[in-house]
Amino acid sequence: MTENNVRSQCCGRLAALAVPAFVFSLAYLGPTKAEADFRICNTTPSRVGIAIGYKDAKGWATEGWWNVEANACETLLQGSLAARYYYLYAIDYDQGGEWSGAAFMCTQDQMFTIRGIDRCEDRGYFQTGFFEIDTLEQSSWTVQLTDPAIEASAAR
């Protein structure tokens with residue numbers, strides 16, 4: 001992650017938790033090049049911040065923040081996927097809202113890599129709800145974040 005991948009300061013933690021969660025769609029799109037990766041595509045008109053959680057040989061870890069521009073994709077993890085399940089949390093910087101779930105892991109406001117998912121607050125972190133991604137043991141996976149308001153108007 002680069003300095004540009006640090007979470008934006010525009011949205012406060014309480015504002016993010018006070019709005020309803022957005023829906024998301026998942027799609028296995030296959031690798032676009034020779035390598036396999038875990039990618040996220042933001043199909044909304046807003047900039048979003050992304051955090052990812054996963055379990056590797058050292059145990060549970062969470063990492064963030066990737067800033068993904070509107071209608072853009074970003075590789076979060078490079079190479080073949082090592083696990084079947086990954087966890088995501090995303091926040092809409094421009095319109096408010098979040099994509100979240102019931103798998104609680106640790107985050108913080110600044111760029112981070114955190115080992116372990118227990119006692120987040122005791123260790124000085126936020127306890128944040130991530131949603132689960134089942135990659136079906138594929139070597140590459142792409143998640144598409146969508147805006148339900150745009151999907152509803154397109155269906156009319």
Side-chain angles (χ1 to χ4, degrees), residues 1-2 4-29 36-44 46-70 72-148 151:
M1 287 183 281
T2 65
N4 289 336
N5 291 336
V6 178
R7 187 175 182 189
S8 172
Q9 297 296 321
C10 74
C11 300
R13 184 115 187 118
L14 294 177
L17 298 176
V19 294
F22 284 100
V23 297
F24 61 92
S25 66
L26 307 176
Y28 171 66
L29 301 176
D37 297 320
F38 188 96
R39 293 174 43 88
I40 189 155
C41 290
N42 172 17
T43 65
T44 75
S46 300
R47 296 172 308 119
V48 297
I50 308 294
I52 188 169
Y54 55 88
K55 189 172 187 180
D56 62 14
K58 297 177 186 176
W60 286 101
T62 52
E63 295 183 43
W65 294 97
W66 285 266
N67 290 328
V68 183
E69 295 297 323
C73 297
E74 180 82 26
T75 298
L76 303 187
L77 301 173
Q78 294 183 338
S80 294
L81 302 181
R84 177 173 178 167
Y85 297 98
Y86 290 85
Y87 300 83
L88 286 179
Y89 173 79
I91 185 168
D92 183 319
Y93 292 143
D94 298 330
Q95 297 182 40
E98 64 184 355
W99 293 261
S100 63
F104 291 98
M105 300 183 180
C106 304
T107 62
Q108 65 182 27
D109 283 338
Q110 303 296 321
M111 187 170 70
F112 66 90
T113 298
I114 301 170
R115 283 286 172 186
I117 59 173
D118 296 324
R119 302 179 338 274
C120 297
E121 288 99 359
D122 292 345
R123 297 189 295 146
Y125 304 120
F126 298 112
Q127 183 176 354
T128 304
F130 287 62
F131 64 89
E132 181 177 87
I133 308 293
D134 182 353
T135 66
L136 305 173
E137 297 182 346
Q138 300 293 318
S139 62
S140 181
W141 199 264
T142 298
V143 175
Q144 293 187 10
L145 294 179
T146 60
D147 186 335
E151 287 181 355

J.: How long is the straight-line distance from NZ of Lys55 back to OH of Tyr87, given to the nearest 0.5 Å?
T.: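 If we round to the nearest 0.5 Å, Tyr87:OH and Lys55:NZ are 9.5 Å apart.
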J.: Measure the spacing between CG of Leu76 and CD1 of Ile40 and express it to the nearest 0.5 Å.
T.: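 If we round to the nearest 0.5 Å, Leu76:CG and Ile40:CD1 are 6.0 Å apart.
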J.: Which residues pass the salt bridge (Lys or Arg N to Asp or Glu O under 4.0 Å) test with Arg123, sequence neighbours left out?
T.: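 Expected list: none.
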J.: Any idea which heavy atoms bring Gln108 and Tyr125 closest together, and the distance?
T.: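 Heavy-atom minimum between the residues: OE1-CE2, 3.2 Å.
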J.: Verify, without hydrogens or angle tests, whether Thr135 (side chain) and Arg84 (backbone) share a donor-acceptor contact under 3.5 angstrom.
T.: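 Yes.
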J.: Can you tell me how far OG1 of Thr146 sits from CG of Asn42, rounded to the nearest 0.5 angstrom?
T.: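 Answer for the CG-OG1 pair, Asn42 versus Thr146, is 10.0 Å.
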J.: Would you indicate whether the side-chain heavy atoms of Thr142 and Cys41 approach each other to under 4.5 Å?
T.: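 Yes, close enough: below the 4.5 Å cut-off.
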J.: Are any non-hydrogen side-chain atoms of Asp92 and Ser46 less than 4.5 angstrom apart?
T.: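 SC-SC contact between Asp92 and Ser46 confirmed.
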J.: Nearest 0.5 Å please: distance from the CG atom of Asn67 over to the OH atom of Tyr93.
T.: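 Asn67 CG to Tyr93 OH: 4.0 Å, rounded to 0.5 Å.
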J.: What is the minimum heavy-atom distance between Phe131 and Leu145, and which atoms define it?
T.: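 So the two residues come closest at CZ-CD2, 4.4 Å.
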J.: Using a cut-off of 6.0 Å, state whether more than 12 heavy atoms not belonging to Glu121 lie near its atom CD.
T.: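 Yes, because the 6.0 Å sphere around CD of Glu121 holds more than 12 heavy atoms from other groups.
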J.: Verify whether one side chain among Tyr85 and Glu132 offers a donor that lies under 3.5 Å from an acceptor in the other.
T.: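 Short answer, no.
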J.: Could you pull out the closest heavy-atom pair between Phe130 and Gly53, with the gap in Å?
T.: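 Where Phe130 meets Gly53 most closely, the heavy atoms are CE2-N, 3.9 Å.
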J.: Once you round to the nearest 0.5 Å, how far does CG of Asp37 lie from CG of Leu77?
T.: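 One finds 8.5 Å between CG of Asp37 and CG of Leu77.
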J.: Between Gln144 and Thr43, is there a side-chain donor-acceptor contact under 3.5 Å, judged purely by atom types and distance?
T.: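 Short answer, no.
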J.: When rounded to the nearest 0.5 angstrom, what distance separates OH in Tyr54 from CD1 in Ile133?
T.: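 The distance works out to 15.5 Å.
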J.: Is any side-chain heavy atom of Arg39 less than 4.5 Å from a side-chain heavy atom of Val143?
T.: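 No, too far: nothing below the 4.5 Å cut-off.
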J.: Regarding Thr107 and Thr128, do their side chains bring together a donor and an acceptor under 3.5 Å, going by distance alone?
T.: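 Yes, Thr128 and Thr107 have a side-chain donor paired with an acceptor closer than 3.5 Å.
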J.: Shortest non-hydrogen contact from Thr75 to Trp66?
T.: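 In terms of heavy atoms, the two residues are closest at O-NE1, 3.9 Å.
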J.: Quick one: does any side-chain atom of Asp94 pair with a main-chain N or O of Arg47 as donor and acceptor, under 3.5 Å?
T.: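 Side chain of Asp94 to backbone of Arg47: a pair is present.
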J.: Considering only residues two or more places apart or on different chains, which pairs with a residue in residues 109-141 satisfy disulfide (SG to SG under 2.5 Å)?
T.: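 The answer is Cys106-Cys120.
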J.: Hey, would you say the Tyr86 and Phe38 ring centroids sit under 6.0 Å apart?
T.: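 Centroid distance Tyr86-Phe38: below 6.0 Å, so yes.
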